[in-house]
There are 2 protein chains.
Amino acid sequence: MEPLGDARQDRQATLADVAAASGVATSTASRALSNPTRVNVVTREKVERAAAALNYHANSHARALTSGKTRTIAVLVSDVTNPFYFDIIRGTQQQLKASGYTQLLVDTEESDELEDGMLHKLRGSFDGAILAASRLTDRRLATLASEMPLVAINRQTRGVASVFIDTPSGIEQALGHLVSLGHRDIAYVSGPVTSWPNEGRWRALLRAAEQYGVAVRRVGPFSPKKDAGAAAADVVLNSGVTACIAFNDLLAIGMLMRLRERGVSVPDDLSIVGCDDIFGSDFCNPPLTTLTAPIEQAGRVAVSMLLARLDAQTAGAARQTATLPTHLTIRASTGPAQPERDQ
Amino acid sequence: MEPLGDARQDRQATLADVAAASGVATSTASRALSNPTRVNVVTREKVERAAAALNYHANSHARALTSGKTRTIAVLVSDVTNPFYFDIIRGTQQQLKASGYTQLLVDTEESDELEDGMLHKLRGSFDGAILAASRLTDRRLATLASEMPLVAINRQTRGVASVFIDTPSGIEQALGHLVSLGHRDIAYVSGPVTSWPNEGRWRALLRAAEQYGVAVRRVGPFSPKKDAGAAAADVVLNSGVTACIAFNDLLAIGMLMRLRERGVSVPDDLSIVGCDDIFGSDFCNPPLTTLTAPIEQAGRVAVSMLLARLDAQTAGAARQTATLPTHLTIRASTGPAQPERDQ
DNA sequence: CAATTTTTGGCAAACGGTTGCAGTTGCCTT
DNA sequence: AAGGCAACTGCAACCGTTTGCCAAAAATTG
């Protein structure tokens, strides 16, 4: 029962505790821990030792309150359900942790309102945000980008930094592949019209089709989910094409399942090309020919770009845009067109 | 150029701004917004209107600093790469958002140190945590649970709340299924020995095997990844069993791919049962017979339990443990044992 | 050795809320 | 009409850091 008791509760140690333990002022303790050059080395070591002994961890809220820095990055995806985003998340998570940041994961449920709302509600909880598949209008997006550090993935809008997976260029390759297999009438299985990459892929296909002198048509739109693949498969079958390119693998895999159910052989009766090369594209039945996208890398690059512009030193030199190439991975869902096929 | 300028910068509006705009003290404004019954309804409306007009959003850090509540829940997974966790994440995300919480996603990379470290470093950034697949020792876990609100998934330890997916019971069903198909010699393809469910599954299988009077052996351990399936497939093939149960679907799918490569027919030459029924189990080749686990629901339930014990009102009544049943989903990776099979 | 510059460390004021306590009001009793 | 009692609202302290500013100490210079 000492008169001036140690008062060392089991509650988290605060900076004041550390300062007291090392016999300096809190300001000095603060500097010793976060701005090492600002204090004498012996003082610093004293403080560091005390901090370690007390198992001190700075309260991130208190720190955020004054410094304005949270060391947290928000990652917005339109649907956590979609394996495409898993790879994005994996990439961002990895790079973020390597830089000592933490990740705030937000699902926007394909809603532009929710996206906008979350970004505002959470503003102050993060230093910057990565928008994977923004559903925002160009205008809104540009405004937002001027309000907070932002990097968009697969979305090119003037004034907002972005990393772009160049699937459109790949589309040309994919079409070339189909044409060389004898296909002349090809469908594009569309995703949501509000999806920026969806439109880009369609335009690229249109352009390439002209070049190759073959016919393409667009069916859909379909929700980019496995379940929607059933409807897509039926529509494509009815259209009488011999091959199709799907907005993404999820849709393509859904089609595969439905076609199997209907006894339609892939690739004998219909060739299918997917986009992205997500988890599962290699072991579905048949394995999917697809445009392999460096998804995880896109996540990493997005983080690097964002972090670069957060850092005052490098902010000026930070690049505005990065383009990542894709390539066609040929597996078993594409094959020669049946010559005597008729409706 | 009015003398007392509006001073309304474009920086985020603060509570003081709102208070000034509605002509009350900040304390009143605070109460009006967060403790509505404490102020007169007309005052409250006035404040609310001002807040809306100024697009006021409370600074979460400032709030966290005084109230100690962050309205953030940490979700720790051992590997964001694993589709099993996708479903967990989906479930937690969903339930968390429904309750107005945000999710802090942390990847512990299968490391107990990282898990422990993160939990401490981030303590103060979240109100509670959900541990999906903790690698911690019982002792450590119990200590942690006494320091912060915690709910573990698939991990039963005295003193820590948990939601348990009852795969062990399902194992019995799975074995019954295999036995009824004529299999008498069955392998368990083990996951990491530090994984709690892995051991549970093996014990359950051992118990069931005794009941059924058939032989089981354990091979492995293997990393619970698709790539490890190749090695697993080879080992299982060498062991001469006619059927196996894999620790999880990821491993099983990896085996499927390797067996196809080696020209071994599933289920004719080898029957395979997976666990969990993750994304992909239904469209791999052949579709996997597996123990379907309500993974997403587990995530939701974990959140409910955690939130219940966070709320002072319901904390006492919050349940300590929840058990979720699994069931066997028979697809095409299991079939009759080949009668005249010999090494 | 005095004058000047550079380190180093402390004080105290933020940051933006929450909350215990106390002071005002207005209304009801008697 | 005075006293009593709620119901409201405001004051001010506090949460745990960071940081501008200043003073003391140490190092450098002439």
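Reminder, nothing fancy here: chain letters follow the sequence lines and each chain counts from 1. Please read all numbers here as calculations on a predicted model, not as lab measurements.
- Rounded to a whole Å, the CG atom of A/Leu33 is 16 Å from the P atom of D/dG16.
- Counting atom types as modelled, A/Arg31 pairs a side-chain N or O with a base atom of C/dG10 as donor and acceptor under 3.5 Å.
- The side chain of A/Leu65 lies closest to C/dG16 when the candidates are D/dT19, C/dG16, D/dT9.
- Of the possible donor and acceptor atoms, none in the side chain of A/Thr157 sits under 3.5 Å from a partner among the backbone N and O of A/Val160.
- Remark: side-chain polar atoms of A/Ser162 are not paired, donor with acceptor, to backbone N or O of A/Phe164 under 3.5 angstrom.
- A close approach under 4.0 Å does not occur between any side-chain nitrogen or oxygen of B/Ser30 and OP1 or OP2 of C/dG17.
- Using five terminal pairs a side, the axes of the helix from C/dC1-D/dG30 to C/dT30-D/dA1 at its two ends make an angle of 40°, given in steps of 10 degrees.
- The nearest whole Å value for the distance from the CG atom in B/Asn59 to the P atom in C/dC15 is 12 Å.
- Partner of A/Arg135 under the salt bridge (Lys or Arg N to Asp or Glu O under 4.0 Å) criterion, out of A/Glu110, A/Glu113, A/Glu115: A/Glu110 alone.
- Formation of a donor-acceptor pair under 3.5 Å by the B/Ser22 side chain with backbone atoms of B/Val24 is not found in this model.
- One N or O on the side chain of A/His61 and one on the backbone of B/Gly124 form a donor-acceptor pair closer than 3.5 Å.
- Taking 4.0 Å as the cut-off between side-chain N and carboxylate O, B/Asp138 and B/Arg155 count as a salt-bridged pair.
- Between B/Tyr56 atom OH and C/dT18 atom C1' there is a gap of 10 Å when expressed in whole angstrom units.
- Atom-to-atom, CG of A/Asn40 to P of D/dA27 comes out at 10 Å; the value is rounded to the nearest Å.
- Rounded to an integer number of Å, the gap from CG of A/Leu15 to P of D/dT18 is 7 Å.
- Taking atom NZ on B/Lys69 and atom P on D/dC15, their separation rounds to 16 Å, with Å as the unit.
- Listed nucleotides: C/dG9, C/dT18, D/dG10. Nearest to the side chain of B/Thr66: C/dT18.
- Each of A/Arg38 and B/Arg44 was matched to the nucleotide of DNA chain D holding its nearest heavy atom; the match closer to the 5' end belongs to B/Arg44.
- The side chain of B/Ser27 approaches C/dT19 more closely than any other nucleotide in the set C/dG10, C/dT19, D/dT19.
- The distance between atom CZ of A/Arg71 and atom P of D/dT17, rounded to the nearest whole Å, is 16 Å.
- As judged by a 4.0 angstrom heavy-atom cut-off over every strand, A/Ala64 is placed among residues making no nucleic acid contact.
- Counted by atom type alone, B/Thr108 and B/Ser78 present zero donor-acceptor pairs between their side chains at under 3.5 Å.
- Distance from the side chain of A/Ser67 is smallest to D/dT19 among D/dT17, C/dG9, D/dT19.
- Residue B/Thr43 places none of its side-chain N or O atoms closer than 4.0 Å to OP1 or OP2 of D/dC8.
- With respect to B/Arg140 and B/Asp112, no salt bridge is recorded, no charged nitrogen being found less than 4.0 Å from a carboxylate O.
- The interatomic distance linking A/Glu45 (CD) with C/dT8 (C1') rounds to 16 Å, in whole Å.
- Which of C/dG17, D/dG20, D/dA12 sits closest to the side chain of B/Thr14 comes down to C/dG17.
- Note on A/Arg63: every side-chain N or O is 4.0 Å or more away from OP1 and OP2 of D/dG16.
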